[in-house]
Amino acid sequence: MASTTPLPSQPSPSESPSGSPSESPSGPTVGFDLDMTLIDSRPGIRACYRALAERTGTHIDADLAVTRLGPPLVDELAHWFPAERIEEAADLYRAMYPTYAVAATPALPGAREAIAAVREAGGRALVVTAKYEPNAELHLAHLGIEPDVVIGDLWAEQKALALREHGATVYVGDHVGDVRGARTAGALAVAVATGPCAPAELREAGADVVLADLTEFPRWFSDHRTDRSGSGPDYLPARA
């Protein structure tokens with residue numbers, strides 16, 4: 001299970017996340033997952049797992065590991081390391097990660113535009129991820145994606161802690177765990193079919209909306225803001 005580091009306090013209406021004076025947002029606060037929602041982290045994570053395997057002398061099927069991204073790192077490491085070595089392996093992986101994973105990881109199509117759509121509506125954009133927070137921040141800085149807040153080390157229902165803290169009314173993710181986090185927070189669950197979970201699986205988990213990818217988000221978001229129907233149009237038909 002992901003660690004539960006203390007969450008940053010929600011800025012007051014007169015302060016921005018950095019503490020500098022700012023006006024209250026006039027639009028909604030929208031949360032986004034990171035891996036396979038905003039970024040295609042498979043190339044970088046694959047490279048880091050291969051380096052970890054070489055460093056530790058432990059077999060890791062990196063190609064398999066990147067097909068099940070979403071849950072915390074320690075959940076994946078449990079497939080390859082005995083329980084008494086998982087914490088040590090996780091620390092080593094996180095330390096190696098900036099060298100092997102950040103430059104190798106591209107933004108997914110529509111990622112920048114999705115953040116921009118929230119900003120243009122006068123809202124705030126959060127990134128809430130199970131990834132180690134310093135490494136999440138490195139990815140976003142490298143790609144020039146600038147959310148208002150980045151919160152790491154939270155998975156599935158734990159994400160509701162941050163979403164509630166910051167008043168998010170929409171959460172966008174690619175995994176059924178993201179859907180559970182959104183629903184626990186009472187936020188609209190918007191799923192993108194860019195990760196390991198098929199559209200039908202995301203719907204079965206309770207997603208209110210399923211988009212093919214983030215290129216569809218600005219149009220959906222505009223429609224949602226206009227009609228206030230609670231879910232807006234559902235662009236992607238279910239498939240097994």
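Just so it is clear, the model here is predicted, and its values are computed rather than measured.
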**Student:** Which value, rounded to the nearest 0.5 Å, describes the distance between T37 atom OG1 and D213 atom CG?
**Tutor:** 11.0 Å
**Student:** Give me each pair satisfying ring pair (Phe, Tyr, Trp, His ring centres under 6.0 Å) with a member in residues 36-82, each pair once, sequence neighbours excluded.
**Tutor:**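 Applying ring pair (Phe, Tyr, Trp, His ring centres under 6.0 Å) to every pair that reaches into residues 36-82, excluding sequence neighbours, yields Y49-Y93, H59-W80.
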**Student:** Just wondering, do D33 and L38 contact through their side chains at under 4.5 Å, heavy atoms?
**Tutor:**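 In short, these two side chains do not touch, never coming nearer than 4.5 Å.
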**Student:** Looking only at heavy atoms, which two atoms of L108 and D40 are closest? And how far apart?
**Tutor:**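 In this case the closest contact between L108 and D40 is CG-N, 3.6 Å.
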**Student:** Show which side-chain atoms of residues 185-193 pair as donor or acceptor with protein atoms under 3.5 Å away, not counting sequence neighbours.
**Tutor:**
none

**Student:** How long is the straight-line distance from OG1 of T29 back to CG of L163, given to the nearest 0.5 Å?
**Tutor:**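 It comes to 10.0 Å.
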**Student:** What distance do R225 atom CZ and D223 atom CG have between them, rounded to the nearest 0.5 Å?
**Tutor:** 12.0 Å
**Student:** What ring pair (Phe, Tyr, Trp, His ring centres under 6.0 Å) pairs are there with at least one residue in residues 170-210, not counting sequence neighbours?
**Tutor:** W155-H175
**Student:** Kindly write out the residues that satisfy ring-ring contact (aromatic ring centres under 6.0 Å, His included) with F32, not counting sequence neighbours, or none if the list is empty.
**Tutor:**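 Once residues adjacent in sequence are excluded, the partners of F32 under the ring-ring contact (aromatic ring centres under 6.0 Å, His included) criterion are F217.
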**Student:** Which pairs, with at least one residue in residues 191-216 and sequence neighbours excluded, count as a ring pair (Phe, Tyr, Trp, His ring centres under 6.0 Å)?
**Tutor:**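 For residues 191-216: none.
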**Student:** Identify the heavy atoms of A51 and M96 that sit nearest to each other, and give their distance.
**Tutor:**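 Heavy atoms of A51 and M96 come nearest at CB-CE, 3.4 Å.
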**Student:** Please list all pairs passing the salt bridge (charged side-chain N to carboxylate O under 4.0 Å, His left out) test where one or both residues lie in residues 171-181, with sequence neighbours left out.
**Tutor:** E157-R180, K159-D178
**Student:** Treating T67 as the side-chain partner and L64 as the backbone partner, does any N or O pair qualify as donor plus acceptor under 3.5 Å?
**Tutor:** yes
**Student:** If I take atom CD1 from residue I151 and atom CD from residue E137, how far apart are they, to the nearest 0.5 angstrom?
**Tutor:**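 I151 CD1 to E137 CD: 10.5 Å, rounded to 0.5 Å.
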**Student:** Which heavy atom of A101 sits nearest to which heavy atom of T105, and what is that distance?
**Tutor:** O-OG1, 2.7 Å
**Student:** Taking only residues two or more places apart in sequence, or in another chain, which ones meet R183 in a side chain to side chain donor-acceptor pair (under 3.5 Å)?
**Tutor:**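 If we apply the side chain to side chain donor-acceptor pair (under 3.5 Å) test to R183, skipping adjacent residues, there are no hits.
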**Student:** Let me confirm one number: the CG-CG distance from L202 to D208, rounded to the nearest 0.5 Å.
**Tutor:** 11.5 Å
**Student:** Are L140 and E146 close enough that some pair of their side-chain heavy atoms sits under 4.5 Å apart?
**Tutor:**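 Not touching, per the 4.5 Å side-chain cut-off.
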**Student:** Does anything in residues 65-74 pair up under salt bridge (charged side-chain N to carboxylate O under 4.0 Å, His left out), and if so which pairs, sequence neighbours excluded?
**Tutor:**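 Sorted pair list: R68-E76.
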**Student:** State which residues pass side chain to side chain donor-acceptor pair (under 3.5 Å) with D63; sequence neighbours excluded, sorted by chain then number.
**Tutor:**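 Counting only residues at least two positions away or on another chain, D63 forms a side chain to side chain donor-acceptor pair (under 3.5 Å) with R46, R50.
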**Student:** Would you call P106 and I39 a side-chain contact if the rule is heavy atoms closer than 4.5 Å?
**Tutor:**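 The answer is no; the side chains never approach within 4.5 Å.
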**Student:** Measuring from L77:CG to E87:CD, what's the distance to the nearest 0.5 Å?
**Tutor:** 11.5 Å
**Student:** If you look only at pairs with a residue in residues 110-123, which of them pass as a salt bridge (charged side-chain N to carboxylate O under 4.0 Å, His left out), with sequence neighbours excluded?
**Tutor:** R119-D148
**Student:** Could you list the residues that satisfy side chain to side chain donor-acceptor pair (under 3.5 Å) with H139, not counting sequence neighbours?
**Tutor:** Y97
**Student:** Listed by chain and number, what are the side chain to side chain donor-acceptor pair (under 3.5 Å) partners of N135, not counting sequence neighbours?
**Tutor:** none
**Student:** Is there side-chain contact between L154 and T129, with at least one heavy-atom pair below 4.5 Å?
**Tutor:**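 Contact flag for L154/T129 side chains = no.
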